Amino acid sequence: RGHGYALSIVRYAEEVARSLGIISLDFTVRDDRSDAVQIFEAMGYTRWAKKRTFRFSGGQFQAGLYYTKIIDESAAEALRKDDDNRADVA
């Protein structure tokens with residue numbers, strides 16, 4: 001802990017994902033992992049959900065947090081435009 005490995009791993013994951021054409025990344029983390037939560041939020045990840053029954057351990061449930069980040073904004077924008085140009089079919 002405290003050596004910056006997690007930050008480096010997440011940055012590397014983003015780099016690899018971009019090279020593969022992946023537009024966004026999602027991560028889950030237990031809500032008691034405050035160091036990981038701080039890293040994700042500092043890197044621009046948005047928390048979009050909290051699940052109280054994320055993990056069952058030691059006879060009790062632990063909450064989990066769900067994070068997402070668009071890592072290729074230009075590709076995401078192109079998809080949005082494509083969706084806007086599609087006709088709705090009934």
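Only a predicted model underlies this, so the values are computations on that prediction, with no experimental measurement involved.
For Phe56, the CZ atom is densely surrounded, since the number of other residues' heavy atoms within 6.0 Å is greater than 12.
Side-chain contact check for Asp72 and Ser74: at least one donor-acceptor pair (N or O, by modelled atom type) lies under 3.5 Å.
Rounding to the nearest 0.5 Å places CD of Gln38 at 14.0 Å from CE of Met43. The distance from atom CD of Glu41 to atom OG of Ser34, rounded to the nearest 0.5 Å, is 10.5 Å.
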TODO: Go through Arg18 and Glu14 one step at a time and tell me if the salt bridge (charged side-chain N to carboxylate O under 4.0 Å, His left out) criterion holds.
DONE: CA-CA 6 Å; Arg18 274 189 211 93; Glu14 289 180 359; 3.6 Å; yes
- [ ] Report the C-alpha distance between Thr46 and Lys69 in whole Å, list the side-chain angles of each, state the deciding distance to 0.1 Å, and finish with yes or no for side-chain contact (heavy atoms from CB on, under 4.5 Å).
- [x] CA-CA 6 Å; Thr46 302; Lys69 179 181 177 182; over 6 Å; no
- [ ] Kindly determine whether Leu25 and Thr68 satisfy side-chain contact (heavy atoms from CB on, under 4.5 Å), including the steps that lead there.
- [x] CA-CA 6 Å; Leu25 286 180; Thr68 191; over 6 Å; no
Open item on the list: Show, in sequence, the C-alpha distance, side-chain angles and deciding distance for Thr28 and Phe54, and conclude whether the side-chain contact (heavy atoms from CB on, under 4.5 Å) test is met.
Closed with: CA-CA 9 Å; Thr28 57; Phe54 177 72; 3.7 Å; yes
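Between Ser57 and Gln62 the shortest heavy-atom distance is CB-OE1, 4.2 Å. Contact between Lys50 and Ala63 at its shortest, heavy atoms only, is CE-CB, 3.7 Å. Heavy atoms only, all atoms of each residue included: Ala17 and Ile71 are closest at CB-CD1, 3.4 Å.
Separation of the Tyr67 and Tyr45 ring centroids does not fall under the 6.0 Å cut-off.
By the criterion of side-chain heavy atoms lying less than 4.5 angstrom apart, applied directly or through intervening Ile, Leu, Val, Met, Phe, Trp or Tyr residues, Leu7 is grouped together with Phe27 in one hydrophobic cluster. By the rule that hydrophobic residues join a cluster once side-chain heavy atoms approach within less than 4.5 Å of another member, Ile22 and Tyr12 end up as members of one cluster.
The shortest side-chain heavy-atom distance between Asp31 and Val37 does not fall under the 4.5 Å cut-off. Looking only at side-chain heavy atoms (C-beta outward), Asp26 and Tyr66 stay at 4.5 Å or farther from each other.
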